[in-house]
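Here is the structure we will look at.
Just so we're clear, the structure is a prediction, and the values are computed from it rather than from any experiment.
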Amino acid sequence: MKTLIIIPAYNEEASIEYVINKLISDCPDADYVVINDCSKDNTLEVLKRCRANYLNSPLNLGIGGGVQMGYKYALSNGYDIAIQIDGDGQHDTSFVKDVVNPIEAGEADIVIGSRFIEKQGFQSSGMRRFGIKFLSGLIRLCCGAKVSDVTSGFRAVNRRYIEIYAQEYPTDYPEPEAIVKAAVTGARIREIPVIMKERETGTSSITPFKSIYYMIKVSLAILLCRISNRRK
């Protein structure tokens with residue numbers, strides 16, 4: 001199946017070349033596109049130097065807008081499967097085949113790589129794990145979807161959800177909301193174990209203050225999405 005790896009990147013000059021080289025080695029049968037989300041550092045120069053396949057946004061779209069740009073690219077170029085990975089090197093591309101297999105077998109529409117199933121590799125901070133567990137419980141209560149690693153940006157979708165996400169994708173901190181959108185549209189969602197690494201370069205966009213905003217905003221979005229779906 002024709003497969004595209006989407007890599008949103010904002011200020012990832014120190015890691016993006018490594019990520020590209022590793023996925024080329026690990027995933028020779030897949031294409032990729034880097035979405036340079038108006039980086040303020042030398043990410044664009046690195047992409048040009050290594051002759052990467054990339055799209056350059058003249059405006060900062062945020063993680064959700066960057067990922068949606070990738071889905072639009074996948075849709076317009078006829079891809080059957082799209083895979084998201086981060087540009088900071090935390091997602092190990094040797095697991096891409098494991099994430100894709102259930103979709104190729106027709107067993108799932110969306111597959112999420114979870115660090116919490118086998119609890120290997122970087123497990124995030126205690127506070128973030130608490131927040132992830134809270135959001136996981138809220139999503140299960142509202143939508144019936146049982147997903148342990150709801151904030152994982154390592155995921156694959158089939159053609160149907162390429163089309164859906166190309167048309168509408170959550171902004172800001174989109175991963176949990178994207179699961180809700182999939183659940184309320186009847187997606188078969190599956191988790192598989194992966195190993196993630198701790199960020200070695202750059203800084204996370206989620207500060208302590210943003211973490212509080214994130215929890216409130218995403219919780220409300222989950223509830224509103226569930227209410228909206230019931231009305232339909």
Side-chain angles (χ1 to χ4, degrees), residues 1-101 103-104 111-113 115 121-122 124 151-157 159 162 165-166 169 171 173-175 178 194-206:
M1 299 179 77
K2 191 177 179 183
T3 302
L4 176 72
I5 299 173
I6 300 168
I7 313 167
Y10 178 70
N11 293 347
E12 301 292 0
E13 64 177 4
S15 59
I16 193 63
E17 186 172 7
Y18 164 79
V19 171
I20 292 169
N21 289 337
K22 190 168 189 307
L23 74 86
I24 289 173
S25 175
D26 290 339
C27 315
D29 297 326
D31 298 330
Y32 76 89
V33 62
V34 179
I35 311 299
N36 179 42
D37 192 19
C38 197
S39 295
K40 295 179 180 179
D41 65 358
N42 293 318
T43 298
L44 180 58
E45 287 69 25
V46 173
L47 294 172
K48 289 178 178 178
R49 189 187 72 235
C50 66
R51 298 182 179 181
N53 183 41
Y54 68 91
L55 299 176
N56 189 48
S57 174
L59 300 172
N60 182 255
L61 302 173
I63 182 64
V67 171
Q68 185 179 17
M69 193 173 181
Y71 280 121
K72 287 180 178 291
Y73 179 91
L75 180 62
S76 63
N77 287 279
Y79 286 93
D80 303 301
I81 296 174
I83 304 152
Q84 299 171 221
I85 66 168
D86 290 349
D88 58 13
Q90 288 186 293
H91 297 155
D92 188 342
T93 49
S94 64
F95 287 95
V96 163
K97 189 61 179 176
D98 295 330
V99 174
V100 167
N101 279 340
I103 295 178
E104 289 185 326
V111 179
I112 298 170
R115 76 200 98 173
F122 179 58
S124 193
T151 64
S152 170
F154 192 179
R155 56 185 66 183
V157 308
R159 174 73 182 188
I162 289 175
Y165 288 154
Y169 196 78
T171 57
Y173 306 107
E175 291 88 359
V194 300
I195 297 174
M196 295 187 189
K197 306 171 186 177
E198 188 171 5
R199 173 190 281 270
E200 295 182 0
T201 62
T203 57
S204 173
S205 62
I206 304 178

For residues L4 and G70, report the shortest heavy-atom separation together with the two atoms involved.
CD2-O, 4.0 Å
Enclosure of K48 NZ (heavy-atom neighbours >12, cutoff 6.0 Å)
no
Does S57 have any side-chain hydrogen bond (donor to acceptor under 3.5 Å, both in side chains) partners at least two apart in sequence or in another chain, and if so, which?
none
So, does S152 use its side chain to make a donor-acceptor pair with the main chain of G113 at under 3.5 Å?
yes
Shortest non-hydrogen contact from Y10 to D37?
CD1-O, 3.2 Å
In terms of heavy-atom contacts, A9 and V34 come closest through CB-CG1, 3.9 Å
Within this structure, what is the CG-CD1 distance for the pair L55 and I6, rounded to the nearest 0.5 Å?
10.0 Å
How long is the span from the NZ atom in K97 to the CG atom in D29, to the nearest 0.5 Å?
7.5 Å
Under a 4.0 Å N-O cut-off, is there an ion pair linking D92 with K22?
yes
Nearest-0.5 Å distance that lies between atom CD in E13 and atom CG in L47:
11.0 Å
Which heavy-atom pair separates M69 from L61 by the least distance, and what is that distance?
SD-CD1, 3.9 Å
Interatomic distance, I81 atom CD1 to I103 atom CD1 [nearest 0.5 angstrom]
5.5 Å
What's the shortest heavy-atom distance between I7 and G87, and which atoms?
CG2-CA, 3.6 Å
Apply side-chain contact (heavy atoms from CB on, under 4.5 Å) to R51 and list each qualifying residue two or more places apart in sequence or on a separate chain.
none
Sequence-distant partners of D80, side-chain hydrogen bond (donor to acceptor under 3.5 Å, both in side chains), two or more places apart:
none
Under the side chain to side chain contact (heavy atoms under 4.5 Å, CB included) rule, what do D98 and V194 come out as? Steps first, then yes or no, please.
CA-CA 9 Å; D98 295 330; V194 300; 5.9 Å; no
Quick one: CZ on R155 to CD on Q84, what's the gap to the nearest 0.5 Å?
6.0 Å
Short side-chain to backbone donor-acceptor contact, D86 and D88, under 3.5 Å
no
Hey, what's the ring geometry for H91 with F154, parallel, tilted or perpendicular (30° and 60° as the breaks)?
parallel
Testing the basics here: between A166 and Q68, what is the closest heavy-atom pair and its distance to 0.1 Å?
O-NE2, 3.0 Å
Under 30°, 30 to 60°, or over 60°: which ring-plane class applies to Y79 and Y73, parallel, tilted or perpendicular?
parallel
Is there side-chain contact between V67 and P174, with at least one heavy-atom pair below 4.5 Å?
no
Say you draw a straight line from CD1 of I16 to CG of N11; how long is it, rounded to the nearest 0.5 Å?
11.5 Å
For the residue pair M1 and R159, establish whether any side-chain heavy-atom pair is separated by less than 4.5 Å.
no
Let me see the working for I85 and V19 under side chain to side chain contact (heavy atoms under 4.5 Å, CB included), right down to the final yes or no.
CA-CA 9 Å; I85 66 168; V19 171; 3.9 Å; yes
Just wondering, do N53 and D31 contact through their side chains at under 4.5 Å, heavy atoms?
no
Do the side chain of N36 and the main chain of N56 share a donor and acceptor less than 3.5 angstrom apart?
no
